[in-house]
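Notes to accompany the following structure.
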2 protein chains.
Amino acid sequence: MTAMELFTTQGYEATSVAEILKRASVNSGSLYYFFDNKHDLLVAGLEFFKTLLYPIVMQPAFSREADPIERIFAVLADYRHRLLMTDLDYECPVGKLALEVARHSPAAREKIAENFAAWRDHMRDCLDQAADRLPASVDRNSLAIFVLTTMEGAVMQARTHRDISFYDSSIANLRVYFGYLLSEVPST
Amino acid sequence: MTAMELFTTQGYEATSVAEILKRASVNSGSLYYFFDNKHDLLVAGLEFFKTLLYPIVMQPAFSREADPIERIFAVLADYRHRLLMTDLDYECPVGKLALEVARHSPAAREKIAENFAAWRDHMRDCLDQAADRLPASVDRNSLAIFVLTTMEGAVMQARTHRDISFYDSSIANLRVYFGYLLSEVPST
DNA sequence: GTCTATAACTCGATAGAC
DNA sequence: GTCTATCGAGTTATAGAC
């Protein structure tokens, strides 16, 4: 979906329908034949995004690392890579739209929440696989939320400051935190 | 600044100059006498925001708590309060604009970075005051960045899911992390 | 299903009187 | 310094031919 590329890089409001049409080499009539309006296009795009999450975001990282904890940090390493590849102009597309459209569009907000939930569930699956190495007191769902929190906040700061060290600092702290958690259960 | 209220709640692009004028009961001529254009108004507003950071965000929390570590969590507790007061529709105004305008406006991006830096510096001051209770290996600036990361990511998720538990989960994990750090240095 | 033309409207910004 | 009127461009969405 060409529209989503523009929505997620420029913002929903900042992207005109005319620009989408030009970039996609489509005519107005065709677009409005398939979608009721601009907002409908956004919601459809967010639904499509959800289907891309595993193949684009998770699978490449998971295929590099077998250890469930390392898989989490491999996903985070890929976000670092995206930041560097875009000259520190990358932003999590879902997070970006989360802040822009959540207020005025319940339908889009719901789709964004589903994207967040799917991301977090993949992280929680990793944590579940490493359950025996974590203290029993750890709420793995809550910890998965915290991983997403860290990614979103870290990307936001690195992009704003145009400095990867803000990303690295946040991930390093998450690493130390995981180090404490994992050290609580001695490996046998 | 009435304009900033609209920019930060609705977004910069989604707020028309006409709407600002109406809400502020001002006429077009007056606004453009003081500001060159809409963008100039945004940058001026962000500069003004920076001056509000201490009296609005920090001072109320600091006055409740004397302990530097508790001051950090008091600031975070105030963000929780803002979420609840707005029916889970609050978003950090600086973070929101960070994602929307950073790409197309270097001047605004710079001002947003200054706001982030000021926030983080207040947190680092707290950590510096508690330096003797933290392991020497802790990079306090990096940890302050991590606190901001946590706040931004936690607010984003709570607002998107319209569920305060996402905020609470993230802050709880930060608490546990601080617990590990503080327990490394036995109090005398 | 896709095309072009355009309707209906709102946008940011300006001009010129006071 | 503040007012009203308005410009010209750009906006989303539609109409009607093919």
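Numbered from 1 within each chain, the chains take letters A, B, ... in sequence-line order.
- Applying the 4.0 Å criterion to OP1 and OP2 of C/dC3, one finds that A/Ser30 has a side-chain N or O inside that range.
- Centroid-to-centroid, the aromatic rings of A/Phe116 and B/Phe166 stay 6.0 Å apart or farther.
- Checking the phosphate oxygens (OP1, OP2) of D/dG10, no side-chain nitrogen or oxygen of A/Ser16 falls inside 4.0 Å.
- Smallest separation of non-hydrogen atoms from B/Pro135 and B/Val185: N-CG2, 3.6 Å.
- B/Tyr177 has its ring centre less than 6.0 Å from the ring centre of B/Phe146.
- Residue A/Tyr33 places at least one side-chain N or O closer than 4.0 Å to OP1 or OP2 of C/dG1.
- Comparing A/Gly29 and A/Ala18 by the nucleotide of DNA chain D whose heavy atom lies nearest to each, the residue mapping closer to the 5' end is A/Ala18.
- In this structure, the CZ atom of A/Phe34 is 5 Å from the P atom of C/dT2, given to the nearest Å.
- If you take CD of A/Glu13 and P of C/dG12, they are 11 Å apart, rounded to a whole angstrom.
- Contact annotation: B/Tyr32 side-chain N/O to C/dA13 OP1/OP2 distance is under 4.0 Å.
- As a whole-Å value, the separation of A/Lys22 NZ from D/dT11 P is 11 Å.
- Rounded to whole angstrom, the span from the NZ atom of B/Lys38 across to the P atom of C/dT10 amounts to 15 Å.
- When rounded to the nearest whole Å, the span between CD1 of B/Ile20 and P of C/dT10 equals 17 Å.
- Distances shorter than 4.0 Å separate none of the side-chain N or O atoms of A/Asn27 from OP1 or OP2 on C/dT2.
- The pair B/Glu5-B/Arg23 counts as a salt bridge, with a side-chain nitrogen and a carboxylate oxygen less than 4.0 angstrom apart.
- One can place CG of B/Leu31 at 14 Å from P of C/dC11, the figure rounded to the nearest angstrom.
- Contact between the side-chain N/O atoms of B/Asn37 and the OP1/OP2 oxygens of C/dG12 is not found at any separation under 4.0 Å.
- Of the two residues contacting DNA chain D, namely A/Ser28 and A/Ala14, the nearest-nucleotide position lying further toward the 5' end is that of A/Ala14.
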Let me see the working for A/Ile69 and A/Leu127 under side chain to side chain contact (heavy atoms under 4.5 Å, CB included), right down to the final yes or no. CA-CA 7 Å; A/Ile69 299 294; A/Leu127 294 170; 4.2 Å; yes
